[in-house]
Undergrad: 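Quick one: this structure, given as structure tokens, is what I'll be asking you about.
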Amino acid sequence: MLDGFLALYIFMLAAFTGYEIISRVPVILHTPLMSGSNFIHGIVLVGAMIALGHARTPFEMGIGFIGVLLGAGNAAGGYVVTERMLEMFKSSKPGKGNGEAK
Amino acid sequence: MAWLQTVIDACYFLAALLFILGLKRMSSPRTARGGIVWAGFGMLLAVVATLLLPEMENRGLIIAAVLIGVAAAWWSGRRVAMTAMPQMVALYNGMGGGAAAAIGASELIGHVGDLVALNGVSAPNTYPLLPESWSALHAATVVAPLSPVALTLGVLGALIGSVSFSGSLIAFAKLQGWLDRRFVFPGQRVVNLLALAAAVAIGAVLVSGHLSLGLIGAFFGLALLFGVLMTLPIGGADMPVVISLYNAFTGLAVAFEGYVLHNEAMIIAGMVVGSAGTLLTQLMAKAMNRSLGNVLFGNFGAVAGATAQAIDGSQKPIEAADAAVMMAYAERVVIVPGYGMAVAQAQHKVWEFAQLLIARGVKVKFAIHPVAGRMPGHMNVLLAEAGVPYDLIVDMEDINPEFPATDVALVIGANDVVNPMAKTDPASPIYGMPILDVADARQVIVVKRGKGTGFAGIENALFYADNARMLYGDGQAAAGQLVSALKTLDA
């Protein structure tokens, strides 16, 4: 069982991790990163699946179903949009993925 | 089945690891592409592991909902234009908030029976909703009612998730152009505050263990209402900051609901996004010279009508051919694109023009204001889409010292981010916002559709400056004319 303080440690360390990752990011990547982090909280899908997996009454199932639907939308939409944005970043320096830039 | 539990736990662990590594890779342009793929694998792993959880029921229903949700989002995300990215991020983020709220709702509803019984208020323990095990990952442990901490975090997560859900939907509608007006009425702040206070108060009653369907319904109704009320008065220019804030909100909500469900992957992913999103929000607000409080509670446009400085002089037009010649024989040209360029879909033509200049030996750079486009970094994405390599794109701090040595600054579709009045006119609503100092360049050419004001409706002194020339026309057409003028020059 996840006891109170152990969870608190997880919360704290995860918070610092997020802060550290973002703190040295060039502005050029702010939008993709926002979109990327938007994808990552799509993990909510897992929680919604668990909620629906434990639903007993039709009412609970309805709420769970909506939750899973929304969570799946968050995860899939976040992924597609982020991937499309990042796909386009390339350098003019020689190397693979180089466009027609001169 | 202990081994299965171990496998599932390992999957969640790997997923959390992949999320963090993925996000890390996404923070550098060279590895960014791989980053999202890593995170995607993590998500896949977590979803499959969840389906394998032994005590799960309704698997058919779950798979159906996942497939529908994924298909709809995948389809919409594939076909949406790059200019519409900000509102799509808002939409998907709202969905995440809604999912977190739904988890909270189903947790609360599922415990209506046992908690009331716990308080001795009603009914024997035979309540049909009493679950065998709500602690999904720990099916073996004894069933316990939600601990006070779990209940508190569950309610808090539901509140934040609901606000993020309805708020993001309003933000989406605004950026999509479905909601043009800003809804402002006297006493708005008081009404908003009352809605929030009422939601929090009912939340506190829920936390104290008095769970009833009526209270739960009222709680969610008020939380959703507050999200709407809070977002309605915020103007379009501030929307990116708000979306980023709601992104952080959803992260927090996910982390809290993760605690309730004993799912460490949710806690870690949610918390990482919660803090990263908060920092990102601050960076954006700073780039726009607005404090977060100002964005949320100050009404931007309200000041715009106030006494602005009168501007002397007139706008001086220039022909595309002359402008092209001017740049063809320049040594250094800096192109300053704005959202107007993207709306006109002119970025491909502009890049074609830049390539012609580069072929002539002109040093061309693209200068990007932190809030060019609709979000920080949005313009980089739009330029990247047109094929502009990222090493030709320069941030504001790096390009500003170079303007005095620049022969021609070509401003295309940008307005407020090059407005010198942000430095000179304390009455201007954008006063204090850092700008690109294009006026320092020897010549400035401004491509603009007409003589009107920009997105924020503010007059721009740059257009009247002595070294500025106006090239009137739609961004796409003007860029096309520049390209053909340059080609005739070469022929």
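So you know, we letter chains A, B, ... as the sequences are listed, proteins then strands, and number each from 1.
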Undergrad: Is the backbone of B:Tyr246 close enough, under 3.5 Å, to the side chain of B:Ser164 for a donor and an acceptor to pair up by distance?
TA: yes
Undergrad: For the residue pair A:Leu52 and A:Met61, what are the closest heavy atoms and their distance?
TA: CD1-O, 3.5 Å
Undergrad: If you count heavy-atom pairs under 4.5 Å with chain B, which of A:Val68, A:Ile40, A:Ile63 comes out on top?
TA: A:Ile40
Undergrad: If you count heavy-atom pairs under 4.5 Å with chain A, which of B:Val149, B:Asn93, B:Val37, B:Leu382 comes out on top?
TA: B:Asn93
Undergrad: Do A:Thr31 and B:Asn380 have a side chain donor and acceptor closer than 3.5 Å?
TA: no
Undergrad: Sort B:Pro86 into side chain, backbone, both or neither according to what part of it lies under 4.5 angstrom from a heavy atom of chain A.
TA: neither
Undergrad: What part of A:Leu45 is in contact with chain B, defined as an atom under 4.5 angstrom from a non-hydrogen atom: side chain, backbone, both or neither?
TA: side chain
Undergrad: I need the residue from B:Thr281, B:Leu61, B:Asp395, B:Leu67 with the largest number of non-hydrogen atom pairs under 4.5 Å to chain A.
TA: B:Leu61
Undergrad: I need the minimum non-hydrogen distance between B:Val89 and A:Asn38, along with the two atoms involved.
TA: O-ND2, 3.5 Å
Undergrad: With a 4.5 Å cut-off on heavy-atom pairs, point out which of B:Leu91, B:Ile20, B:Thr50 contacts chain A the most.
TA: B:Thr50
Undergrad: Could you tell me which portion of B:Thr278 (side chain, backbone, both or neither) has an atom closer than 4.5 angstrom to a non-hydrogen atom of chain A?
TA: neither
Undergrad: When only pairs under 4.5 Å are counted, which of A:Gly53, A:Ala76, A:Pro32 shares the most heavy-atom pairs with chain B?
TA: A:Gly53
Undergrad: State, to 0.1 Å, how close A:His41 and B:Val254 come at their nearest heavy-atom pair, and which atoms those are.
TA: O-CG2, 3.7 Å
Undergrad: Name the option with the most non-hydrogen atom pairs under 4.5 Å to chain A; the candidates are B:Met396, B:Met26, B:Lys24.
TA: B:Met26
Undergrad: Measure the shortest side-chain to side-chain distance between B:Ile109 and A:Thr57 over non-hydrogen atoms and say whether it is less than 4.5 angstrom.
TA: no
Undergrad: Side chain from CB out, backbone as N, CA, C, O: work out which of these in B:Arg25 comes under 4.5 Å of a heavy atom of chain A, or both, or neither.
TA: neither
Undergrad: List the atom of B:Phe256, the atom of B:Leu153, and the distance in Å for their closest heavy-atom pair.
TA: CB-O, 3.4 Å
Undergrad: Just give me the residue among B:Ala73, B:Gly22, B:Ala105, B:Gly161 that pairs up with chain A most often, heavy atom to heavy atom, under 4.5 Å.
TA: B:Ala73
Undergrad: Of the non-hydrogen atoms in A:Ala14 and B:Ile268, which two are nearest, and what is the gap between them?
TA: CB-O, 3.9 Å
Undergrad: Of the backbone (N, CA, C, O) and the side chain (C-beta and beyond), which part of B:Ile368 lies under 4.5 Å from a heavy atom of chain A, both, or neither?
TA: neither
Undergrad: Under 3.5 Å, side chain of B:Ser168 to main-chain N/O of B:Phe165, donor-acceptor pair present?
TA: no
Undergrad: As an exercise: rank B:Val80, B:Ile393, B:Leu283 by heavy-atom pairs under 4.5 Å with chain A and give me the winner.
TA: B:Val80
Undergrad: Which pairs with one or both residues in residues 63-78 of chain B pass side chain to side chain donor-acceptor pair (under 3.5 Å), sequence neighbours excluded?
TA: A:Glu83-B:Arg78, B:Ser76-B:Tyr92
Undergrad: Given heavy-atom pairs under 4.5 angstrom as the criterion, report whether the side chain, backbone, both or neither of B:Ala72 touches chain A.
TA: neither
Undergrad: So which of A:Ala48, A:Ala75, A:Gly36, A:Ser37 has the biggest tally of heavy-atom pairs under 4.5 Å with chain B?
TA: A:Ser37
